[in-house]
Amino acid sequence: MLKQEEIKRVTLIEACIKGQCTVKQVANALGLSERRVKQIKKEVKENGVKSIQHGNRGRKPKNTISDKTRNKILNLRNSYEYEISNFKHFQELLKEHENIDISNIFLKKIFVKEIRNHK
């Protein structure tokens with residue numbers, strides 16, 4: 001599924017390929033350089049419309065953690081052994097006792113997201 005901006009880009013590039021408008025007109029309409037329009041035009045000719053989409057669309061980022069690990073962290077945080085620790089200490093305890101190596105910032109993001117979900 002293409003986004004609105006991508007549909008506009010495809011329409012203009014296809015019009016350029018068919019000779020209905022110039023590379024310069026498409027470049028001005030899309031706010032791109034003429035060189036970039038020529039590159040996109042070549043990609044569309046070779047790979048079709050799907051080349052307009054970003055290649056990572058629909059994929060999970062590599063640095064995400066599984067829901068199982070996330071839930072384990074949240075459950076551990078609420079347990080008696082870890083409830084009085086601050087974020088940094090909790091992070092160190094996770095690494096030491098649970099073999100979960102996670103950054104302090106990412107740990108905070110998990111808890112902020114959890115708090116927002118409960119509101």
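On a predicted model such as this, the values are computed, not experimentally measured, just so you know. Nothing fancy with the numbering, it's 1 onward along the sequence.
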Asker: Does C16 form a side-chain contact (heavy atoms from CB on, under 4.5 Å) with T22? I'd like the steps, not just the answer.
Answerer: CA-CA 6 Å; C16 188; T22 65; over 6 Å; no
Asker: Applying the side chain to side chain donor-acceptor pair (under 3.5 Å) criterion to Q39, which one of K42, K41, R36 satisfies it?
Answerer: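 It is R36, the one option of K42, K41, R36 that forms the side chain to side chain donor-acceptor pair (under 3.5 Å) with Q39.
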Asker: Output the distance between atom NZ (K3) and atom CZ (R9), rounded to the nearest 0.5 Å.
Answerer: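 Here the interatomic distance stands at 11.5 Å.
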Asker: Please tell me if the side chains of V49 and E14 come closer than 4.5 Å, counting only heavy atoms from C-beta onward.
Answerer: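 Yes, side chains in contact.
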Asker: Does E46 reach the main-chain N or O of E43 with its side chain, forming a donor-acceptor pair under 3.5 Å?
Answerer: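 Not at all, since once roles are kept as given, no pair shorter than 3.5 Å links the two residues.
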Asker: Hey, what do you get for OG1 (T69) to CG (L74), rounding to the nearest 0.5 Å?
Answerer: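 Rounded to the nearest 0.5 Å, the OG1-CG separation comes to 11.0 Å.
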Asker: Give a yes or no on whether the backbone of I7 and the side-chain of T11 come within a donor-acceptor separation of less than 3.5 Å.
Answerer: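 Checked: pair present.
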Asker: Taking atom types as modelled and ignoring hydrogens, do the side chains of K88 and Q91 form a donor-acceptor contact shorter than 3.5 angstrom?
Answerer: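 Yes - a donor-acceptor pair under 3.5 Å links their side chains.
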Asker: Given 3.5 Å as the limit, does a donor-acceptor pair link the side chain of R77 with the main chain of S85, or not?
Answerer: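 Pair found, side chain donor or acceptor close to backbone of S85.
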Asker: For side-chain contact (heavy atoms from CB on, under 4.5 Å), just list the numbers for V26 and I40, CA-CA rounded to whole Å, side-chain angles, deciding distance to a tenth of an Å, and then say yes or no.
Answerer: CA-CA 11 Å; V26 173; I40 294 170; over 6 Å; no
Asker: What distance separates N78 CG from I73 CD1, expressed to the nearest 0.5 Å?
Answerer: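 Here the rounded value is 12.0 Å.
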Asker: When the side chains of residues 92-107 are checked against the rest of the protein, which donor-acceptor pairs come out under 3.5 Å, sequence neighbours left out?
Answerer:
{"unit_1": "E98", "atom_1": "OE2", "unit_2": "Y82", "atom_2": "OH", "d": "3.1"}
{"unit_1": "S103", "atom_1": "OG", "unit_2": "F106", "atom_2": "N", "d": "3.1"}

Asker: Between atom CD of E6 and atom CD1 of I13, what is the distance when rounded to the nearest 0.5 Å?
Answerer: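 Interatomic distance, E6 CD to I13 CD1, rounded to 0.5 Å: 12.5 Å.
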